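In what follows, chains are A, B, ... by sequence order, proteins preceding strands, each numbered from 1. Just so you know, these numbers come straight off a predicted model, no measurement behind them.
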2 protein chains.
Amino acid sequence: MAIFSKTCEYAMRAVFYVAQRSHEGYKVGIKEIAGHINSPEPFLAKILQQLSRDGVILSTKGPNGGFYFDAASLNRPLADVVTAVDGDDIFTGCGLGLTYCSESNPCPLHEEFKKVRNQLTHMLHTTTIGKFNLGLIKGKFTLNK
Amino acid sequence: MAIFSKTCEYAMRAVFYVAQRSHEGYKVGIKEIAGHINSPEPFLAKILQQLSRDGVILSTKGPNGGFYFDAASLNRPLADVVTAVDGDDIFTGCGLGLTYCSESNPCPLHEEFKKVRNQLTHMLHTTTIGKFNLGLIKGKFTLNK
DNA sequence: ATGATAAAAGACAAAAATATCTTTTATTGA
DNA sequence: TCAATAAAAGATATTTTTGTCTTTTATCAT
Ligand code: FES
Ligand code: FES
């Protein structure tokens with residue numbers, strides 16, 4: 001078990017890749033994305049459809065169509081992607097799986113778990129979708145394998 | 001999607017409950033545990049069997065039998081429970097799901113994700129199974145619902 | 001020894017996550 | 001208008017997680 005679901009991992013990888021290509025001025029088809037982030041193509045298509053419905057990513061059909069981001073979207077936090085595909089359990093849920101995480105009726109891990117959760121939340125809110133465009137273009141980061 | 005799997009959540013809740021009862025001098029049957037941590041009884045049985053096989057929890061069959069911890073086991077880190085049921089992906093895995101998390105070929109999130117992962121690891125290694133015994137007996141913490 | 005108790009083990013079932021395939025709709029360019 | 005392109009949508013399939021049930025084995029008390 002990893003921290004994020006497969007769905008969420010693919011979503012984040014795809015978003016970073018599309019952001020980079022948008023920065024370079026291109027729209028990207030599902031095939032190209034799947035190839036570059038090493039994900040099953042039809043499954044990824046479903047994930048991007050979801051992100052598109054939620055308005056996180058933009059898309060157009062037809063020749064020269066594909067997925068892309070505009071300037072405003074590039075500034076959205078990665079947290080929006082996570083929420084769209086996995087909901088907000090990861091931001092608010094109890095570490096031991098209690099129905100509600102609360103200060104007044106906490107589980108034993110509450111105080112320490114809250115710190116971890118807050119740091120994760122902070123990371124996902126301060127990381128924008130376009131944050132790694134230059135690094136990706138320079139080849140500093142990898143998104144496949 | 002929460003951070004831990006259901007299996008792992010039940011395992012941690014069960015372990016804390018059994019630890020408390022061991023501290024009070026009792027062994028606990030699966031029925032009592034399931035009732036107090038609000039988990040499906042047969043499913044929890046499977047989880048505890050796994051922990052028992054891995055030597056994380058102790059058990060004896062027969063009348064007055066049940067699950068329990070000895071003093072040494074009470075000092076083991078909660079991380080051992082997580083590893084036994086979920087493996088160590090959560091301690092070492094890449095946040096974006098790459099096959100290997102590495103410094104030399106990092107994903108974009110690597111630097112920040114590492115911090116989150118390290119804090120989680122630190123929490124699970126410094127929290128012993130018996131750490132909350134007194135708090136639980138005093139009713140400071142909840143393990144059900 | 002014997003019967004009662006309680007975990008261990010194994011087979012099975014349901015639900016959710018992951019993955020695939022086919023058809024439809026929108027867009028483009030000729 | 002028409003053919004080509006590419007995402008959207010819907011139906012279906014597989015795998016993993018989650019959950020249940022039955023039988024077996026070990027232990028205890030009598
Ligand atoms: S109550 Fe469990 S993390 Fe807050
Ligand atoms: S490579 Fe992704 S977290 Fe280290």
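- Among the heavy atoms of the strands lying under 4.0 Å from B:P42 is at least one base atom, whether or not backbone atoms are also near.
- The CD atom of A:E32 sits 16 Å away from the P atom of D:dT5 (whole-angstrom rounding).
- Along DNA chain C, the nucleotide nearest to B:I30 and the one nearest to A:E41 differ in position, and the one closer to the 5' end is contacted by B:I30.
- Between B:R13 atom CZ and D:dT18 atom P the separation is 13 Å, expressed in whole Å.
- Closest contact between the side chain of A:Q49 and the listed nucleotides D:dT20, D:dA9, C:dA9 involves D:dA9.
- Using a 4.0 Å cut-off between a side-chain N of Lys or Arg and a carboxylate O of Asp or Glu, A:K46 and A:E41 do not qualify as a salt bridge.
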Side chain to side chain donor-acceptor pair (under 3.5 Å) evaluation trace for B:D70 with B:S73: CA-CA 5 Å; B:D70 59 16; B:S73 295; 2.8 Å; yes

What does nucleotides 22-30 of chain C look like as a protein-contact string, B for base, S for sugar-phosphate only, - for none, at under 4.0 angstrom between heavy atoms? ---BBBBS-

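- The separation between B:I33 atom CD1 and C:dA6 atom P is 12 Å, rounded to whole Å.
- Rounded to an integer number of Å, the gap from CZ of B:F4 to C1' of D:dT18 is 18 Å.
- Between B:L96 and A:F16, the closest side-chain pair of non-hydrogen atoms falls below 4.5 Å.
- Side-chain proximity of A:S5 to C:dT18, C:dA9, D:dT18: nearest is C:dT18.
- Within the 4.0 Å cut-off from OP1 or OP2 of D:dT18, at least one side-chain nitrogen or oxygen of B:T7 is found.
- Under 4.0 angstrom from either OP1 or OP2 of C:dA6 there lies no side-chain N or O belonging to B:S59.
- Using a 4.5 Å cut-off on side-chain heavy atoms (C-beta onward), B:L109 and A:L78 make contact.
- Residue side chain B:K46 reaches the base of C:dG10 through a donor-acceptor N/O pair under 3.5 Å, judged by distance alone.
- One atom, CG of A:N38, and another, C1' of C:dA19, lie 14 Å apart when rounded to the nearest Å.
- A 4.5 Å side-chain heavy-atom check between B:F67 and B:T60 finds every atom pair outside the cut-off.
- The backbone N or O of A:V28 sits nowhere less than 3.5 Å from a side-chain atom of A:R21 that would complete a donor-acceptor pair.
- The list of side-chain hydrogen bond (donor to acceptor under 3.5 Å, both in side chains) pairs with a residue in residues 120-141 of chain B, not counting sequence neighbours, is empty.
- Using a 4.0 Å cut-off, no side-chain N or O of B:S52 falls inside it from OP1 or OP2 of C:dA7.
- Look at NZ on B:K6: it is 14 Å from C1' on C:dA15, rounded to the nearest Å.
- A straight line from CG of A:L44 to P of C:dT20 spans 11 Å, rounded to a whole angstrom.
- B:V85 comes within 4.0 angstrom of nothing in the nucleic acid, heavy atoms only.
- Proximity of B:Y10 to the phosphate of D:dG19: a side-chain N or O atom is located under 4.0 Å from OP1 or OP2.
- Going from atom NZ of A:K31 over to atom P of C:dT20 covers 14 Å, rounded to whole Å.
- Contact check on B:E32 versus B:K27 returns no salt bridge, with no Lys/Arg side-chain nitrogen under 4.0 Å from an Asp/Glu carboxylate oxygen.
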